[in-house]
Amino acid sequence: MSTFTLKFFAKLREETGQEEMVVSVNDVNQLSQLKPYLIEQHPEWAEAFSVQLMSAVNQTMVTGDTKLNAGDEVALFPPVTGG
Amino acid sequence: MLHISVQEADFNLQAEYDAMCERNTKDGAVVFFVGRVRDLNEGDDVTTLHLEHYPGMTEKSLTDIAEQAKTRWPLNRIRIIHRVGTLKPADQIVYVAASSPHRDAAFEGAQFMMDYLKTRAPFWKKENTNRGERWVDAKQSDTEKEQRW
């Protein structure tokens with residue numbers, strides 16, 4: 001396997017029209033590369049990604065950069081509003 | 001005891017309190033918080049509130065928050081319930097309870113867990129108002145409250 005899963009939630013999911021997609025680690029293997037890659041693949045998503053977003057890798061919140069491996073579950077979403 | 005639940009169904013406060021207290025002779029203090037749906041946000045009438053979440057991560061996140069609280073305060077029992085799905089004004093959204101031998105830890109532990117839940121647990125609210133649908137924005141004041149811990 002050479003891919004990881006990418007999930008979108010809430011407003012980001014609505015704006016990209018995607019709940020889930022698959023990304024190759026040959027294209028992206030660092031979290032910091034992900035946004036630029038997605039905007040390059042989908043220029044129409046530039047505005048959706050221009051806002052503050054949070055990230056999780058394997059269901060744990062990540063701040064800063066981290067390596068992305070095949071089989072990972074990555075998620076991007078707007079700042080949370082529970083409670 | 002650590003009880004975490006993400007559910008559509010409503011919760012019953014008496015049952016939750018009973019669960020905190022049954023056969024509990026150690027704790028002199030039980031503190032709980034209930035978050036409810038309001039009918040007004042940013043000056044607009046709210047008719048319904050939809051709560052989305054990240055299945056899998058939601059439970060993990062709430063458990064992590066509760067475990068952090070347990071390492072910082074002597075909390076013997078913790079219960080967290082967060083509802084998802086479509087709610088309306090006056091509905092209960094969230095329940096956070098902490099028990100401890102004495103009250104300071106119970107109050108602080110419950111406050112800490114709510115402050116962390118507001119900024120770290122993967123839920124998102126979407127309101128239906130008289131001016132249409134909109135996603136609720138995260139509040140800077142919640143970030144500030146999280147940081148004071």
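A note on names: the letters A, B, ... follow the listed sequences, proteins ahead of strands, and every chain is numbered from 1. Everything numeric here is computed off the predicted structure, so don't read it as measured data.
Note that NZ of K139(B) is 10.0 Å distant from OG1 of T81(A), once rounded to the nearest 0.5 Å. In this structure, OG1 in T119(B) is found 7.0 Å from CE in M54(A), a value given to the nearest 0.5 Å. Taking CE of M57(B) as the start and CD of E73(A) as the end, the distance is 10.0 Å to the nearest 0.5 Å.
Under the 3.5 Å distance criterion, the side-chain polar atoms of K125(B) are left unmatched by any main-chain donor or acceptor of V80(A). With hydrogens and angles disregarded, no donor-acceptor distance shorter than 3.5 Å links the side chain of W124(B) to the backbone of G82(A).
Here E14(A) pairs with K126(B) in a salt bridge; the nearest charged N to carboxylate O distance falls below 4.0 Å.
Linking ILVMFWY residues whenever their side-chain heavy atoms come closer than 4.5 Å, directly or via other members, places V57(A) and Y37(A) in the same cluster. Residues F123(B) and M61(A) do not share a hydrophobic cluster, clusters being chains of Ile/Leu/Val/Met/Phe/Trp/Tyr side chains in contact below 4.5 Å. Cluster membership for F33(B) and F107(B), using ILVMFWY side-chain heavy atoms within less than 4.5 angstrom, is not shared. Hydrophobic clustering (side-chain heavy atoms under 4.5 Å, transitive across Ile, Leu, Val, Met, Phe, Trp, Tyr) groups V6(B) together with L117(B).
For A56(A), the part lying near chain B is the side chain, with the backbone staying farther off; criterion is any non-hydrogen pair under 4.5 Å.
Interface check for chain A: of the options S61(B), G35(B), G56(B), the most heavy-atom pairs under 4.5 Å are formed by G56(B).
Residues of residues 70-103 of chain B placed with any heavy atom under 4.5 Å of a heavy atom in chain A are listed by number as H82(B), I93(B), V94(B).
Classification of the F77(A)-Y54(B) ring pair by plane angle, with boundaries at 30° and 60°, yields perpendicular.
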